[in-house]
S.K.: 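Dropping the structure in here first, questions after.
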Protein chains: 2
Amino acid sequence: MQMAEAGSIAKAAPGKPNRQSQISRQIRELEQFFGTELTRRKGKSLSLSNAGERLALLIREQLQDLEDFRKEQAGLPKSFVIGAGASVLEWLLVPALPAISRHLGGATLMTDVHRSRSLGEAVRDGRVDLAIIRQDAVPKGANTVLVMKMGFHLCVPRVLLKRGTTERDAANSALWQTLPFAAGRDGGQTDTAIREAMRSAGVDFRPHFECGSMLQVRQLVELGASAGILPTLGIRGLDEKKVLITPFVPLRDFGRVLVLHWNPRQMRRRGLETSDLKKLAAMIADQQKA
Amino acid sequence: MQMAEAGSIAKAAPGKPNRQSQISRQIRELEQFFGTELTRRKGKSLSLSNAGERLALLIREQLQDLEDFRKEQAGLPKSFVIGAGASVLEWLLVPALPAISRHLGGATLMTDVHRSRSLGEAVRDGRVDLAIIRQDAVPKGANTVLVMKMGFHLCVPRVLLKRGTTERDAANSALWQTLPFAAGRDGGQTDTAIREAMRSAGVDFRPHFECGSMLQVRQLVELGASAGILPTLGIRGLDEKKVLITPFVPLRDFGRVLVLHWNPRQMRRRGLETSDLKKLAAMIADQQKA
DNA sequence: ATCAATCATGACTGTGAAGTCAGGTATTCT
DNA sequence: AGAATACCTGACTTCACAGTCATGATTGAT
């Protein structure tokens, strides 16, 4: 009996209602064995209780340890799961992956896209080993090291501007009102902050394109189809000849700090020291500067 | 498949040759799964290879963790295995057990008698959580705290002495030659040292009683049947009116240091800090003084 | 009240690991 | 060489768990 799925809402995993009975029974058996409630009723559905979460965490760790042992014996590299938001992943993390893997002794790396909030949970319960995450999305300063500070930039394709428009002109919010914009629509903090900033700058912000992620915003900017507000990460590689890039003043003080976040127990068990993690963070930051 | 017995020489465990085939097969399956040799041939018998030892350790830890979880959920106290040599256990540890248990939140304590040498191994591979052991029997100063220094004492029942014999008289090795002695015969370092010291004091040491442990030596002393050399621990409770007790000069500089020794991984996993362990050591030492 | 969703329970089947037995092979000792 | 020891292998039985299906119970929404 291998803990069915170690975590998350019982039935939710497979669409098959067949297995549901099995899972129900297995949970009951586990509860008998451990003499404790592992689930909690929430309306008509079940979720894991504290004890259940702890057991799930424990089992995940144990399986992970066995897997690590197997890999090590087979001479294979260990593997780590690294999580981040979509844009951080694409713009910051992926370019750094080869260097990270090298530093971890050729480890196999798996990336995992998460929203900030669920990333914290994922790290806490060991589904994700490392995460690049906004500092304000993790509970405390512990188990994090700073990677970089991130600002926001107004990016306007020059084809959308009158010839001769300067960066200073572009800082004028009156101009913004006339531009077609692309913006995120994921309801995340960044998205919300941008819309809020626009409003407080007196702009009636009605993006022409509302995208699921900032990646698509950048593509639209590159295509010359619309302007957009991009984080520092996302302006790398944009052609200054084609796109006018200027700091987005309303969010000047909104600088987000990205940190590398990890679960201390996990890392100890898997043989990574804080010094290693600091090095990793530095490597990731370097990648951005290069 | 539950790892048959996690450790020690495969067949040695049960006297049943039936099961041996099973164990053999199970080891083969494990080796297939992990893609590595878990055993090493030594003549005609098998012993665990390094990988095997590591896996056994890992499994023991995992089972221990599950057991801890179960106990915690059931509101039961955790349990710890404390090891020591027979005399240390009897004279030093057992009296301190109630206080130790109290300090560990009412933990269940299991004692385990070991020779010094195997104690170190037992701690290292997690069969024993805590040990009271001679400092020189553990590899380094790490993971230990001092409990007490131990000297040796010559103990002679007064019925074996002429009336009026003083402690000063008893320090004369010429007297010793005339006394019936009890001594250990366990071949341990302490035993050897005593015999060696006797010889270098010019005594032809031929104990009348050769005992499996110092506990029996003490009993013989109490009975008035023979003299004996007892460690500091062992003289507590001897009646000075009936037994003449005096430092055993030849071993004056042989003072043994007893330390509390633990496995750092174990303790971290099980929620004990170094400060707790220091306190335990102090409690054990206090017990002796009281 | 009715219906849908969600979980619990009982009965049954199939698979595979655990266990047992009956020989094997290799090594060591005398 | 012959016996004893320690382990391996194959064939078989037993048993527990995974998996499936049908159905009941509880809860929430309409």
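Below, chain A is the first sequence line, B the second, and so on; all start at residue 1. In what follows, every heavy atom counts, from backbone to side chain, and hydrogens, waters and symmetry copies are set aside.
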S.K.: List for me each residue that meets ring pair (Phe, Tyr, Trp, His ring centres under 6.0 Å) alongside B/Phe34, sequence neighbours excluded, and say none if there are none.
M.R.: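 Ring pair (Phe, Tyr, Trp, His ring centres under 6.0 Å) check on B/Phe34 returns A/Phe69.
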S.K.: Could you pull out all residues at least two apart from B/Thr108 that satisfy side-chain hydrogen bond (donor to acceptor under 3.5 Å, both in side chains)?
M.R.: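 Testing B/Thr108 for side-chain hydrogen bond (donor to acceptor under 3.5 Å, both in side chains), a comparison that skips the adjacent residues, returns none.
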S.K.: Considering residues at least two apart in sequence or located in another chain, which fulfil the side-chain hydrogen bond (donor to acceptor under 3.5 Å, both in side chains) criterion with A/Arg54?
M.R.: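 So A/Arg54 forms a side-chain hydrogen bond (donor to acceptor under 3.5 Å, both in side chains) with B/Glu72.
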S.K.: What is the distance, to the nearest angstrom, from the CZ atom on B/Phe33 to the C1' atom on C/dG16?
M.R.: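 So the two atoms are 16 Å apart, to the nearest Å.
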S.K.: Bend angle of the helix from C/dA1-D/dT30 to C/dT30-D/dA1 from five-pair axes at both ends, rounded to 10°?
M.R.: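 Answer rounded to 10°: the end axes differ by 30°.
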S.K.: Check side chain to side chain contact (heavy atoms under 4.5 Å, CB included) between B/Asn50 and all other residues, then give those that pass, not counting sequence neighbours.
M.R.: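 If we apply the side chain to side chain contact (heavy atoms under 4.5 Å, CB included) test to B/Asn50, skipping adjacent residues, the hits are B/Arg40.
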S.K.: Can you name the residues that form a side-chain hydrogen bond (donor to acceptor under 3.5 Å, both in side chains) with B/Arg70, not counting sequence neighbours?
M.R.: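 Here the qualifying residues are B/Glu67.
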S.K.: Could you list all N or O pairs between the protein and nucleotides 8-10 of chain C that sit under 3.5 Å apart?
M.R.:
residue	atom	partner	partner atom	Å
C/dA8	OP2	A/Ser24	OG	2.7
C/dA8	N7	A/Gln20	NE2	3.2
C/dT9	OP2	A/Arg28	NE	3.2

S.K.: Going by side-chain hydrogen bond (donor to acceptor under 3.5 Å, both in side chains), name the residues that satisfy it together with B/Ser118, two or more places apart in sequence or in a different chain.
M.R.: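 Here the qualifying residues are B/His114.
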S.K.: Return yes when atom CZ of A/Arg265 has more than 12 non-hydrogen atoms of other residues, nucleotides or ligands closer than 6.0 Å, and no otherwise.
M.R.: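 Atom CZ in A/Arg265 is not packed in, count stays at 12 or less.
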S.K.: Which residues satisfy the side chain to side chain contact (heavy atoms under 4.5 Å, CB included) test with A/Ala183, sequence neighbours excluded?
M.R.: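 Partners of A/Ala183 under the side chain to side chain contact (heavy atoms under 4.5 Å, CB included) test: A/Arg195, A/Phe205, A/Pro207.
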S.K.: Rounded to the nearest angstrom, tell me the gap between atom CG in B/Leu38 and atom P in D/dC7.
M.R.: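 The distance from CG of B/Leu38 to P of D/dC7 comes to 15 Å, rounded to the nearest Å.
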S.K.: Nearest whole Å is fine: how far is D/dA18 C1' from A/Leu30 CG?
M.R.: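 Whole-Å distance recorded here is 14 Å.
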